[in-house]
Amino acid sequence: MIERANARLVRILDQLETPAAAWSHLARAFLLALVFLLAPLSHAVHPATRTLVILHTNDTHAHTLPDGRGVGGYAAISGYLKGVKAQRSDVLVLDAGDMITGTPVSTLYEGMPVFDILNTLPIDCAVLGNHEFDHGWQKIAGFRRLARFPILCANVFSPTGELLGDAPTFFTTVNGIRIGVIGVTAPDLYAITATRGHQGLTVQDQVVAVRRHLPDVRQRADLVIVLSHCGVGQDLRLAREVPDIDVIVGGHSHTQLDQPELVGKTIVVQAKCYSEYVGRLDLVVDVPGRRVAEYGGRLVRMDGRIGPPDPTTAAVVEKYERDLRRTLDAVVGRTDAALDKAALVRAFEAIFAQKYDADFGHYQPGGNRATLSPGRITKRNVYEMLPFDNAMVVVEVTAEQLATLFNKQAPEGKRGPFRVATVDFYADRMVESGRLAEEQVTRYPAQARAVVLEHVQRTGGLAP
Ligand SMILES: [Zn+2]
């Protein structure tokens, strides 16, 4: 009972971090004293239960710096993680994947700086997200060599049958709790990465992979965690189909789970994206019973209230930003009007069609990750608008395919074939699903970003 009261008090104390809590300093001091008084007692009464704090991030997508509101960034996360770890010895830090892709520093240097920066954070282990495959799956070996924490993956195999991560599972002991972690990656890797990201790989359903490793992990661990880059819908399915998992720390769907989801006994958590939040799951584990006795979870926003950013992390972030600034702050053109995503997509389509002498250009709003304000256009703006390394293709299609594949109407009286200039990412999907033949695709080495950049530099701007 005292252990439970103790855990509750710790949670109440945690809530004091939020400014909304109107506790006086006196009340806080009193409660703290109570916790310290009860702590030694609780171990004497209930040596079987032990506390664990899981701190988790996902889909940080190379958002190394705070956003426009001053929220997030790896130095803020690092400061928070190190602050919690300085205060207590029962902390486990996990990252659920998609560490790279989303900002110029990642795109320009093909993901490597992100792992250099993450090495300054006290991460226990991570899992491969689908975006870790963006620069070709062979590049993952380089990430693994650089990262000082293990990167798990139990369900993606190379053409020669080796697992792509450092290991399928990870074992550690924290505060006397033996912990086993199984890492799984998005099962729809083929559908959501460019060809170089998945060619020749075998991707296994995560439920199959977890079932294969679970007996061994359950035997060796008091607490079983699945670190999943499969999305919250898949995580809930996994919890239903494999009921013997204690915790699923998730990513991929960018879901803001302010409170954990509970499926049977399985606790499912996820902490949105872009380094805005760190998820915090407080557990009381019944060690001999090998079960979670109590839990409480929430998301901690990485704003000014969580304490100072970590200077070591900030220095590594700044090192890469300095390099980038020299390259990317060059002004390449200007726009008189604000351009939203729809306007930019129209502009890109016109540029592609013109460049490749095609009847149509095609681009999708999902491939565009930024908008433009009136004024100067820098190289950085172009990288932010087009963060993905997609190469240009021209596809020759019938009038019917033009409508079904590209949602465009053939001009009156014209029968085709029609030439559509687009990027390999879309064409590859169509070829793989049998909706387009490879013979219909002509591939060009130029990246879509380079084509847009060249157009802006040549014409002085972007017009919708
Ligand atoms: Zn993902």
Side-chain angles (χ1 to χ4, degrees), residues 56-64 72 74 77 94-103 105-107 110-111 114-115 118 123 125-137 139-140 143-144 147 149 151-156 163-165 181-199 201 203-207 209-210 226-238 248-257 261 268-279 299 364-370 386-390 425-426 428-429 432:
H56 57 97
T57 49
N58 58 276
D59 300 276
T60 52
H61 280 296
H63 282 244
T64 59
Y74 288 153
I77 291 180
L94 303 174
D95 184 280
D98 275 5
M99 294 163 267
I100 73 165
T101 303
T103 59
V105 72
S106 177
T107 307
E110 300 198 319
V114 175
F115 293 92
L118 288 178
I123 296 173
C125 78
V127 67
L128 286 176
N130 52 296
H131 280 289
E132 269 72 68
F133 294 72
D134 279 352
H135 302 287
W137 61 262
K139 288 276 163 66
I140 289 171
F143 300 155
R144 286 169 47 192
F149 48 90
I151 305 174
L152 308 182
C153 180
N155 64 326
V156 183
L163 279 168
L164 277 212
V181 184
I182 307 171
V184 283
T185 301
D188 54 347
L189 195 63
Y190 263 78
I192 57 179
T193 58
T195 302
R196 67 182 167 278
H198 63 243
Q199 201 158 38
L201 300 181
V203 186
Q204 193 172 50
D205 187 274
Q206 74 277 18
V207 174
V210 169
V226 172
L227 190 54
S228 159
H229 191 84
C230 300
V232 74
Q234 294 285 338
D235 292 345
L236 297 175
R237 174 172 82 94
L238 177 64
I248 301 177
V249 173
H252 188 45
S253 49
H254 297 196
T255 308
Q256 183 175 343
L257 283 184
E261 294 273 340
V268 179
V269 293
Q270 190 171 151
K272 208 180 176 189
C273 58
Y274 303 156
S275 77
E276 186 180 348
Y277 290 98
V278 170
L299 302 184
Q364 289 175 2
N368 172 12
R369 297 297 171 103
L386 297 154
F388 304 110
D389 284 341
N390 293 325
F425 182 80
Y426 304 135
D428 291 346
R429 297 289 83 67
E432 280 166 11

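Each residue takes its place number in the sequence, starting with 1. In each ligand, atom 1 is the first atom listed, and ligand 1 is the first ligand listed.
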Does a donor on one side chain sit under 3.5 Å from an acceptor on the other, for Gln234 and Ser228?
no
Could you tell me which residues satisfy ring-ring contact (aromatic ring centres under 6.0 Å, His included) with [X], sequence neighbours excluded, listed by chain and number?
X	answer
Phe388	His131
Phe115	Phe143
His135	none

What is the total of protein N/O/S atoms that are closer to the Zn ion (ligand 1) than 2.8 Å?
4
Between Tyr274 and His61, how do the two ring planes meet: parallel, tilted or perpendicular, split at 30° and 60°?
perpendicular
Min side-chain heavy-atom separation Thr193-Phe425 under 4.5 Å
no
